[in-house]
Amino acid sequence: MTSVTPAARPARTPPLAEPSGWHEIHLTVNGEPVTAQVESRLLLSDFLRDRLRLTGTHVGCEHGVCGACTVLVDGTPVRSCLTLAVQCEGAELRTVEGLARPDAPLTPVQEAFHTCHGMQCGFCTPGFLMTATALTEQDERPDDTEVADALSGHLCRCTGYRGIRRALGRALDETYETATDSQHPQHSQQDSRQGE
Ligand code: FES
Ligand code: FES
């Protein structure tokens, strides 16, 4: 019978994980400049909720499935539970708090969700609103496949999705079809600013 001698252990076992370092990050959150010291491993969702007290970003599954934690990073919907705060150095972030300030009217997307009953308990709503907002800010209206793809990244336990789909359709109609000229409203704003 052959006996197997266990390999000799190294004299010193390396640590399982290096101690987390700290970094200074600079970013913009809902139009406000933010500078913060963050640990390497700090999640963006925790940074927003615990450090900045922006608790409108909800955390459900914590592993990229439900979409509740979606925020916009440089205009792109991103799962904040799968993103590290340090990855946002220099980025422009928008959360649900940045859509309509308390003293301002609702955005077309928010208005459409309200009118079309696109929410019930509201837990999933911030994530849907941010993805819907990104869809209304594209240069061209997204087609049905793009819309379906975008919505497939979000789970809602209450609505059955019909109200959400209606709301998104309404917001897209308002954004892309009822603009007073043939240009996207964002471009019209940029043109008028350039003319000032
Ligand atoms: S909490 Fe981030 S995707 Fe569910
Ligand atoms: S409205 Fe309750 S989870 Fe979507």
Side-chain angles (χ1 to χ4, degrees), residues 17 20 23 25 27-30 34 36 38-100 102 105-138 142 144-174:
S20 187
H23 308 268
I25 58 170
L27 62 164
T28 305
V29 180
N30 298 330
V34 171
V38 297
E39 286 178 275
S40 306
R41 63 186 178 186
L42 181 68
L43 293 172
L44 178 59
S45 51
D46 292 336
F47 176 66
L48 292 170
R49 290 178 54 85
D50 300 338
R51 299 280 182 87
L52 303 186
R53 302 291 179 206
L54 294 173
T55 54
T57 297
H58 292 167
V59 176
C61 66
E62 295 185 84
H63 60 274
V65 175
C66 73
C69 66
T70 301
V71 299
L72 300 187
V73 178
D74 294 329
T76 301
V78 161
R79 304 269 199 257
S80 61
C81 74
L82 296 183
T83 305
L84 296 172
V86 288
Q87 291 177 278
C88 298
E89 165 63 27
E92 183 188 329
L93 259 68
R94 273 187 290 164
T95 69
V96 70
E97 289 90 346
L99 294 184
L106 298 179
T107 66
V109 168
Q110 290 173 308
E111 190 67 52
F113 270 71
H114 172 70
T115 306
C116 299
H117 306 290
M119 72 189 88
Q120 287 184 27
C121 80
F123 190 84
C124 67
T125 308
F128 273 107
L129 288 176
M130 300 319 290
T131 291
T133 297
L135 287 172
T136 62
E137 292 179 350
Q138 297 185 179
D144 290 348
T145 306
E146 286 178 90
V147 170
D149 274 355
L151 291 183
S152 71
H154 292 267
L155 300 179
C156 174
R157 298 183 66 180
C158 306
T159 63
Y161 301 98
R162 295 184 70 175
I164 292 170
R165 287 182 178 282
R166 263 200 314 272
L168 184 52
R170 185 184 179 112
L172 291 173
D173 286 348
E174 285 192 7

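All ligand and atom numbering here is 1-based and tracks the order in the structure.
For ligand 2, the atoms lying closer than 4.0 Å to a non-hydrogen atom of G122 are 1 (S), 2 (Fe). Numbered from 1 in the order shown, with element, the atoms of ligand 2 that lie under 4.0 Å from a heavy atom of C158 read 1 (S), 2 (Fe), 3 (S). Listed by atom number, the atoms of ligand 2 under 4.0 Å from C121 heavy atoms are 1 (S), 2 (Fe), 3 (S). Close contacts of ligand 2 with C156, meaning ligand atoms under 4.0 Å from a residue heavy atom, involve 1 (S), 3 (S), 4 (Fe). Less than 4.0 angstrom separates some heavy atom of R157 from each of these atoms of ligand 2: 3 (S).
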- Query: Given the rule in the side-chain contact (heavy atoms from CB on, under 4.5 Å) test, do L72 and V78 qualify, once you have shown the distances and angles that lead to the verdict?
  - Reply: CA-CA 6 Å; L72 300 187; V78 161; over 6 Å; no
- Start with the C-alpha distance between E89 and L27, add both sets of side-chain angles, then the distance that settles side-chain contact (heavy atoms from CB on, under 4.5 Å), and finish with yes or no. CA-CA 6 Å; E89 165 63 27; L27 62 164; over 6 Å; no
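The neighbour count for Q87 CD, taken as heavy atoms of other residues, nucleotides or ligands under 6.0 Å away, is above 12. The local environment of CZ in R51 is crowded, with over 12 non-hydrogen atoms from other residues, nucleotides or ligands closer than 6.0 Å.
In this structure, Y161 and L155 have side chains that are in contact, with non-hydrogen atoms separated by less than 4.5 Å. A heavy-atom distance below 4.5 Å is found between the side chains of L172 and T136.
With 2.8 Å as the limit, C124 counts as an N, O or S neighbour of atom 4 (Fe) of ligand 2.
Of the protein's non-hydrogen atoms, the one nearest atom 1 (S) of ligand 2 is Q120 N, 3.2 Å.
Between A132 and L168, the shortest heavy-atom contact is CB-CD1, 3.6 Å. Of all non-hydrogen atoms in A68 and F123, the two that sit nearest each other are CB-CE2, 3.9 Å. The two atoms that bring M130 and V71 nearest to each other are CG-CA, 4.3 Å, heavy atoms only.
If you count the protein N, O or S atoms nearer to atom 2 (Fe) of ligand 1 than 2.8 Å, you get 2.
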